[in-house]
Asker: 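For reference, the structure I am asking about is given below.
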Amino acid sequence: MDIQDQQRLYLQIIFDYFHEKAEWPTYRYVDKKLYNDASMDAKEVSASLPNGFANGFRFDSDLGNQAILSLEAIRMCNGSEGDLADFLTAVRFLVEMYKQAEEGHPRVTHATLKNQMHMTDDAIARVGNLILPESILHTSFTGPARSNGYGAWECTLDREVRRFDGVASIEDYLERRNKERNTAHQQVTSQLLSLLGYMYRKPNTENIGAGIATWSKNLTEPNTQGEKLEVSLLNALARLGVPVLFGGDIQGSGPATPRYDLVALNFGAPMQTPTAVLISCKSTSNQPQRTEIALLSDESSKARTVLPEWQVFGAFVNLGEPTADEFNYRQDVRIWKQSHLQALLHAKEQRFISQFLWTPPWYWNRDLEIMWRNTYRAYHKDVFSDG
């Protein structure tokens with residue numbers, strides 16, 4: 001069983017207990033069940049997970065503490081749709097309670113939810129456990145306590161609950177909750193754009209705008225000096241926080257790796273395999289050469305033997321807009337076109353291009369690309385409207 005399967009089992013054990021008992025299990029329960037069922041060490045699995053994924057066990061050996069999952073972790077568990085739907089129903093109700101209340105910090109209890117929303121006792125207890133760590137919703141929270149057969153709790157609402165008026169899905173909720181963090185990420189990438197403009201400016205000038213234009217031209221327009229595309233693409237990915245290995249040969253200082261110039265890296269996440277994308281840059285708008293694509297495909301297969309636990313595939317960069325399916329939706333190699341590089345150029349942060357970057361060719365298809373482009377445009381109306 002690989003680490004992703006171990007992580008899935010660890011989270012599923014916690015969620016299944018939560019769904020059945022309407023309260024979080026102890027680490028003692030998780031540790032014993034994981035060991036008895038799969039001969040696995042819960043502490044080791046916990047250490048591989050980020051905050052919010054019941055990873056406290058790696059810091060605290062108290063087996064009596066609760067193993068608690070964040071909303072992000074619960075989303076990854078089988079059978080969680082109903083509990084997350086109940087949570088969203090409760091959030092919408094809290095918003096309406098705040099809007100209708102005359103006092104500044106209205107109080108809501110489990111009984112209010114039971115009387116108004118007609119949820120079961122277990123559902124109300126689960127909702128209470130999910131609301132508790134979401135401090136953006138409340139200024140204080142008491143409970144949940146298992147008494148009288150259900151989880152008794154009460155909370156005092158915070159004005160920030162208004163942020164979730166009309167929330168449509170758990171993804172929508174998380175997007176709104178993390179608004180400040182997302183804004184901070186976008187500010188960072190914007191600042192790095194200015195730094196790139198400063199780096200690419202003409203010597204002895206302070207024209208950052210002209211520097212950005214030079215970088216943009218190197219990234220998206222054909223150039224006889226192919227290494228300009230390599231370096232500008234490396235900088236485009238690095239600006240968005242994507243680690244990149246350089247395999248080219250800038251004045252003899254690089255390894256001059258055959259068949260590809262860059263390797264973009266995604267180190268993975270809970271239940272996600274790390275990914276390496278071997279990128280071959282061709283600063284031309286001519287049709288891609290089938291032989292070169294085949295060689296990149298072969299090189300990707302060889303790289304998989306070096307990285308056996310990784311997902312590895314090739315990306316062939318071409319500055320034209322080839323329309324034939326053989327240059328768009330192949331099973332062996334991804335083809336990045338000029339419009340894709342425009343998206344990288346203008347991306348406000350990495351999450352908007354993650355699906356494009358890390359989806360392997362055997363999953364990338366026309367419908368998926370349309371969906372990605374529509375999502376991208378929705379967040380980049382001010383800077384990107386074509387392609």
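What you see below is based on every heavy atom in this structure, not just the backbone, and it leaves out hydrogens, waters and symmetry mates. Positions are given from 1, in the same order as the sequence printed here.
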Asker: Tell me the closest heavy-atom pair linking Phe15 and Ser80, and the distance in Å.
Answerer: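 Looking at all heavy atoms of both residues, the closest pair is CZ-CA, 3.4 Å.
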Asker: Which pair of non-hydrogen atoms, one from Asp261 and one from Glu230, has the smallest distance, and what is that distance?
Answerer: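 Reported closest heavy-atom pair: OD1-OE2, 3.2 Å.
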Asker: Who clusters with Leu295? Use side-chain heavy atoms, under 4.5 angstrom, across I, L, V, M, F, W and Y, and order the result by chain and number.
Answerer: none
Asker: Determine whether Leu195 and Gln191 make a side-chain contact, defined as any pair of heavy atoms from C-beta on separated by less than 4.5 Å.
Answerer: no
Asker: Transitively linked via ILVMFWY side-chain contacts under 4.5 Å: Val231 with Leu265?
Answerer: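 No, separate clusters.
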Asker: Using the test side-chain contact (heavy atoms from CB on, under 4.5 Å), find all partners of Leu368 that sit at least two apart in sequence or belong to another chain.
Answerer: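 If we apply the side-chain contact (heavy atoms from CB on, under 4.5 Å) test to Leu368, skipping adjacent residues, the hits are Gln355, Thr359, Trp364, Asn365, Met371.
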Asker: May I have the step-by-step check of side chain to side chain contact (heavy atoms under 4.5 Å, CB included) for Ser339 and Glu321, ending in yes or no?
Answerer: CA-CA 7 Å; Ser339 57; Glu321 287 291 323; 3.1 Å; yes
Asker: Are the side chains of Arg330 and Arg334 in touch, meaning some heavy atoms are under 4.5 Å apart?
Answerer: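 No. Closest side-chain heavy atoms not under 4.5 Å.
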Asker: Between Thr220 and Gln342, is there a donor-acceptor pair closer than 3.5 Å when you use the side chain of the first and the backbone of the second?
Answerer: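 Flag not set: sc Thr220 to bb Gln342 has no pair under 3.5 Å.
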Asker: NE2 of His110 to OG1 of Thr142: how many Å apart, nearest 0.5 Å?
Answerer: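 Reported to 0.5 Å precision, the distance equals 12.0 Å.
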Asker: Report the C-alpha separation of Ile279 and Val263 in whole Å, then their side-chain angles, then the decisive distance to 0.1 Å, and conclude whether the side chain to side chain contact (heavy atoms under 4.5 Å, CB included) test is met.
Answerer: CA-CA 6 Å; Ile279 304 174; Val263 182; over 6 Å; no
Asker: Hey, could you give me the CD/CG distance between Gln350 and Leu357, rounded to the nearest 0.5 Å?
Answerer: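 The distance works out to 7.0 Å.
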Asker: Can you tell me how far apart CD (Glu103) and CG (Leu157) are? Round to the nearest 0.5 Å.
Answerer: 9.0 Å
Asker: Taking all heavy atoms of Pro106 and all of Ala101, pick out the closest pair and write down the distance.
Answerer: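 Looking at all heavy atoms of both residues, the shortest contact is CB-CB, 3.5 Å.
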Asker: Hey, is Lys43 close enough to Asp41 for a salt bridge, meaning N to O under 4.0 Å?
Answerer: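 No.
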Asker: Which residue pairs pass the salt bridge (charged side-chain N to carboxylate O under 4.0 Å, His left out) test with at least one member in residues 178-205, sequence neighbours excluded?
Answerer: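 Found Arg163-Glu180.
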Asker: For the CG atom of Leu219 and the CG atom of Leu341, what is their distance to the nearest 0.5 Å?
Answerer: 5.0 Å
Asker: Between Glu369 and Arg366, is there a side-chain N and carboxylate O pair less than 4.0 Å apart?
Answerer: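 Judged by the 4.0 Å cut-off on N to carboxylate O distance, Glu369 and Arg366 do not form a salt bridge.
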Asker: Shortest non-hydrogen contact from Trp215 to Asn235?
Answerer: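 For Trp215 and Asn235, the tightest heavy-atom pair comes out as NE1-CB, 4.0 Å.
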Asker: So how far is it from Leu63 CG to Asp31 CG, rounded to the nearest 0.5 Å?
Answerer: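 That separation rounds to 6.0 Å.
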Asker: With a 4.5 Å cut-off on side-chain heavy atoms, are Met117 and Arg92 touching?
Answerer: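 Answer no - side chains too far apart.
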Asker: Locate the shortest heavy-atom distance separating Ile3 from Ser48; write the atom from each residue and the value.
Answerer: CD1-OG, 3.8 Å
Asker: Can you name the side-chain contact (heavy atoms from CB on, under 4.5 Å) partners of Lys282, sequence neighbours left out?
Answerer: Ser280, Thr284, Glu292, Phe316
Asker: Other than Ile370, which residues form its hydrophobic cluster under the rule that side-chain heavy atoms must be closer than 4.5 Å?
Answerer: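 Members alongside Ile370: none; it stands by itself.
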Asker: Heavy atoms, side chains only, cut-off 4.5 Å: are Ile14 and Tyr29 in contact?
Answerer: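 Ile14 vs Tyr29: side chains apart.
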Asker: Any carboxylate oxygen within less than 4.0 angstrom of a Lys/Arg side-chain nitrogen, looking at Glu23 and Arg126?
Answerer: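 Looking at Arg126 together with Glu23, the answer is no, because their closest N to O distance does not fall below 4.0 Å.
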Asker: I'd like to check the ring pair (Phe, Tyr, Trp, His ring centres under 6.0 Å) partners of Trp358; sequence neighbours left out, ordered by chain and number.
Answerer: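 Residues passing ring pair (Phe, Tyr, Trp, His ring centres under 6.0 Å) with Trp358: none at all.
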Asker: Do Asn182 and Lys348 have side-chain atoms, one donor and one acceptor, less than 3.5 Å apart?
Answerer: no
Asker: Determine, stepwise, if the pair Phe313 / Leu278 fulfils side chain to side chain contact (heavy atoms under 4.5 Å, CB included).
Answerer: CA-CA 6 Å; Phe313 59 90; Leu278 279 55; over 6 Å; no
Asker: A side-chain contact here means heavy atoms from C-beta on lying under 4.5 Å apart; do Leu69 and Met76 qualify?
Answerer: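 Not touching, per the 4.5 Å side-chain cut-off.
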Asker: Which residues pass the ring pair (Phe, Tyr, Trp, His ring centres under 6.0 Å) test with Tyr260, not counting sequence neighbours?
Answerer: none
Asker: Evaluate the side-chain proximity of Pro144 to Leu132: yes if any heavy-atom separation is below 4.5 Å, no if none is.
Answerer: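 Result yes, sub-4.5 Å side-chain heavy-atom pair found.
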Asker: Excluding sequence neighbours, so at least two apart, what forms side-chain contact (heavy atoms from CB on, under 4.5 Å) with Ser169?
Answerer: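 Checked Ser169 against side-chain contact (heavy atoms from CB on, under 4.5 Å); matches are Glu171, Asp172.
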Asker: Ignoring hydrogens and angles, state whether a donor on the side chain of His19 or Asp83 is under 3.5 Å from an acceptor on the partner side chain.
Answerer: yes
Asker: Taking only residues at least two apart or on different chains, which pairs with a member in residues 127-137 satisfy side-chain hydrogen bond (donor to acceptor under 3.5 Å, both in side chains)?
Answerer: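 Pairs touching residues 127-137 that pass the test: Glu134-Tyr173, Glu134-Arg177.
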Asker: Is it true that Leu84 and Val95 fall in one hydrophobic cluster, defined by side-chain heavy atoms closer than 4.5 Å?
Answerer: yes
Asker: I'd like to know whether CD of Glu221 has more than 12 heavy-atom contacts from other residues, nucleotides or ligands below 6.0 angstrom.
Answerer: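 Yes, CD of Glu221 has more than 12 neighbouring heavy atoms, counting only those of other groups under 6.0 Å.
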Asker: Looking at every non-hydrogen atom in both residues, tell me the closest pair between Tyr200 and Ser232 and how far apart they are.
Answerer: OH-CA, 3.7 Å
Asker: Report the residues that fulfil ring pair (Phe, Tyr, Trp, His ring centres under 6.0 Å) with Phe18, sequence neighbours left out, ordered by chain and then residue number.
Answerer: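 Trp24.
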Asker: Does a donor on one side chain sit under 3.5 Å from an acceptor on the other, for Arg373 and His340?
Answerer: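 Present: a donor and an acceptor within the cut-off.
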Asker: If you count every heavy atom of other residues, nucleotides or ligands that lies below 6.0 Å from Lys33 atom NZ, does the total exceed 12?
Answerer: no
Asker: Any chain of hydrophobic side-chain contacts (each under 4.5 Å) joining Tyr376 to Tyr379?
Answerer: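 Yes, same cluster.
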Asker: Is there a path from Met97 to Phe87 through hydrophobic residues (I, L, V, M, F, W, Y) whose side chains come within less than 4.5 Å of each other?
Answerer: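 Yes, Met97 and Phe87 fall within the same hydrophobic cluster.
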Asker: Below 4.5 Å, heavy atoms only, C-beta onward: do Gln311 and Pro274 meet side chain to side chain?
Answerer: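 Not in contact.
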Asker: Is it the case that Thr26 and Gln66 place a side-chain donor and acceptor less than 3.5 Å from each other?
Answerer: no
Asker: Can you tell me how the ring of Phe141 sits relative to the ring of Trp153, calling it parallel under 30°, perpendicular over 60° and tilted otherwise?
Answerer: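 Taking Trp153 first and then Phe141, their aromatic rings lie parallel (interplane angle under 30°).
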Asker: Just wondering, do Glu175 and Arg351 contact through their side chains at under 4.5 Å, heavy atoms?
Answerer: yes
Asker: Stepwise, does the side chain to side chain contact (heavy atoms under 4.5 Å, CB included) test hold for Leu229 with Asn223?
Answerer: CA-CA 8 Å; Leu229 174 57; Asn223 192 291; over 6 Å; no
Asker: Give the ring-plane orientation class for Trp372 versus Phe356, where under 30° counts as parallel, over 60° as perpendicular and anything between as tilted.
Answerer: parallel
Asker: Scan for side-chain hydrogen bond (donor to acceptor under 3.5 Å, both in side chains) pairs involving residues 239-248, sequence neighbours excluded, and state none if there are none.
Answerer: none
Asker: Could you tell me whether Arg304 atom CZ has more than 12 heavy atoms of other residues or ligands within 6.0 Å of it?
Answerer: yes
Asker: Among all residues two or more places apart in sequence or in another chain, which pass the side-chain contact (heavy atoms from CB on, under 4.5 Å) test with Ser140?
Answerer: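 Once residues adjacent in sequence are excluded, the partners of Ser140 under the side-chain contact (heavy atoms from CB on, under 4.5 Å) criterion are Thr156.
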Asker: State plainly whether the residues Asp165 and Arg162 are in salt-bridge range, i.e. N to O under 4.0 Å.
Answerer: no
Asker: Nearest 0.5 Å, what's the CZ-OG distance between Arg259 and Ser300?
Answerer: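 Separation between the atoms: 12.0 Å.
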